Amino acid sequence: KAGVTQTPRYLIKTRGQQVTLSCSPISGHRSVSWYQQTPGQGLQFLFEYFSETQRNKGNFPGRFSGRQFSNSRSEMNVSTLELGDSALYLCASSLIGGRETQYFGPGTRLLVL
Amino acid sequence: AQTVTQSQPEMSVQEAETVTLSCTYDTSESDYYLFWYKQPPSRQMILVIRQEAYKQQNATENRFSVNFQKAAKSFSLKISDSQLGDAAMYFCAYRSASHGSGNTGKLIFGQGTTLQVKP
């Protein structure tokens, strides 16, 4: 099976712009989770989607949003970008988001100038 | 709230030797899962090993094994016969087994330990 894929791999934006990142889960996986990784804060959970519904959300401002499509692909959007949003954004998929293991994609590195 | 702590920011080991990475966690739950993930310079997060809290037996995966001490809330990773390809950042992670709405799809990570392997 193909692994989790994320596009784009690298992105440069300027403050105030918005950005959309995409994640395609492993075939058959219906749960997609998103994480932000920064040197200062480490890995932090953003949100989780299952069957096109957000089931769980981390402690991030409303500028961070996401959605999931019927084929389980997910997108996350960050509006009004700030310098502090520069990070590696990782998505992970699992079968149903329960007890099974999460498998990660390669990440999207976002740089905000 | 659950927390995960990795107290060793950096470790080094000689090739072919053994190294142990430490992880402690705090939780009031009795049913949960613990993981070690490896993140090489390519940044792809790779699962190393998984432990179910209800299992007494420590998980092993080839050269990787854990020492799970539930009462002490400790979960260390031992890498035997270290190889150059083991050089990476290692993250310890916690996952609740509860089906509550605040738990689905969420891993709680430690700050990571960078492992250097010397030839």
Side-chain angles (χ1 to χ4, degrees), chain A residues 2-6 9-10 23 25-26 29-51 53-60 66 68 72 74 76 87-110, chain B residues 1-10 23 25 29-55 59 61 64 66 88-114:
Chain A
V4 179
T5 59
Q6 291 186 246
R9 294 293 309 277
Y10 304 93
C23 172
I26 292 171
H29 285 193
R30 295 167 60 194
S31 169
V32 175
S33 297
W34 288 89
Y35 298 86
Q36 181 196 64
Q37 186 177 17
T38 60
Q41 299 298 316
L43 279 151
Q44 294 184 287
F45 172 75
L46 280 156
F47 30 63
E48 185 244 1
Y49 284 86
F50 177 79
S51 290
T53 301
Q54 186 183 89
R55 280 198 308 192
N56 198 3
K57 189 177 189 306
N59 188 24
F60 278 82
Q68 187 180 36
S72 296
S74 177
M76 69 163 280
L88 180 69
Y89 291 89
L90 293 165
C91 86
S93 77
S94 62
L95 280 169
I96 59 170
R99 298 177 172 230
E100 68 281 6
T101 297
Q102 287 186 2
Y103 295 91
F104 284 80
T108 293
R109 182 167 293 283
L110 172 65
Chain B
Q2 298 89 6
T3 58
V4 177
T5 302
Q6 293 177 249
S7 58
Q8 307 154 313
E10 295 179 356
C23 172
Y25 58 95
E29 298 178 327
S30 59
D31 193 11
Y32 49 87
Y33 301 88
L34 295 166
F35 304 85
W36 280 98
Y37 282 91
K38 165 186 175 181
Q39 189 178 42
S42 68
R43 312 305 279 176
Q44 174 93 44
M45 195 79 78
I46 302 163
L47 176 69
V48 175
I49 203 164
R50 161 189 165 122
Q51 175 79 43
E52 289 87 355
Y54 62 85
K55 287 187 177 178
E61 198 70 45
F64 299 87
V66 298
M89 181 167 276
Y90 286 80
F91 290 95
C92 178
Y94 173 101
R95 173 85 173 266
S96 171
S98 164
H99 294 290
S101 60
N103 295 321
T104 59
K106 179 180 179 179
L107 286 168
I108 299 168
F109 287 91
Q111 288 297 100
T113 298
T114 299

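Order of the sequence lines fixes the chain letters, A, B, ..., with proteins taken first and strands second; residue numbering starts at 1 for each chain. Everything quoted here is computed from the prediction, not taken from an experiment.
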Margin query: Could you work out, with salt bridge (Lys or Arg N to Asp or Glu O under 4.0 Å) as the rule, every residue matching B:Arg43, not counting sequence neighbours?
Written below: none
Margin query: Using a 4.5 angstrom heavy-atom cutoff, name the option from B:Glu52, B:Arg95, B:Gln39 with the most pairs to chain A.
Written below: B:Arg95
Check: Do you know which two heavy atoms are closest between A:Thr101 and B:Tyr37, and how far apart they sit?
Finding: CG2-OH, 3.9 Å
Item checked: chain A contact via B:Phe91 - side chain, backbone, both or neither, heavy atoms under 4.5 Å -> side chain
Next item on the list: Please look at B:Ser96 and chain A and tell me whether the side chain, the backbone, both or neither of the residue comes under 4.5 angstrom of a heavy atom of that chain.
Entry: neither
Item checked: Top contributor to chain B contacts, counting heavy-atom pairs under 4.5 Å, from A:Ser31, A:Gly105, A:Ser94, A:Gly42 -> A:Gly105
Check: What are the two closest non-hydrogen atoms of A:Ser33 and A:Glu48, and how far apart are they?
Finding: OG-CG, 3.3 Å
Margin query: Please classify the contact between A:Leu43 and chain B as side chain, backbone, both or neither, with a heavy-atom cut-off of under 4.5 Å.
Written below: both
Note to self: Keeping A:Gln68 on the side-chain end and A:Arg30 on the backbone end, is there a donor-acceptor pair under 3.5 Å?
What the structure shows: yes
Note to self: Among A:Gln36, A:Gln37, A:Gln6, which residue satisfies the side chain to side chain donor-acceptor pair (under 3.5 Å) criterion with A:Tyr89?
What the structure shows: A:Gln36
Margin query: Heavy-atom pairs under 4.5 Å with chain B - which of A:Phe104, A:Tyr103, A:Phe50, A:Tyr49 has more of them than the others?
Written below: A:Phe104
Note to self: Tell me which of these, A:Arg109, A:Gln102, A:Glu100, A:Gln41, has more heavy-atom pairs under 4.5 Å with chain B than the rest.
What the structure shows: A:Gln102
Check: Of the backbone (N, CA, C, O) and the side chain (C-beta and beyond), which part of A:Phe47 lies under 4.5 Å from a heavy atom of chain B, both, or neither?
Finding: neither
What donor-acceptor contacts under 3.5 angstrom involve side-chain atoms of residues 107-114 of chain B, with partners at least two apart or in another chain?
residue, atom, partner, partner atom, Å
B:Thr113, OG1, B:Gln6, NE2, 3.4
B:Thr113, OG1, B:Gln8, O, 2.6

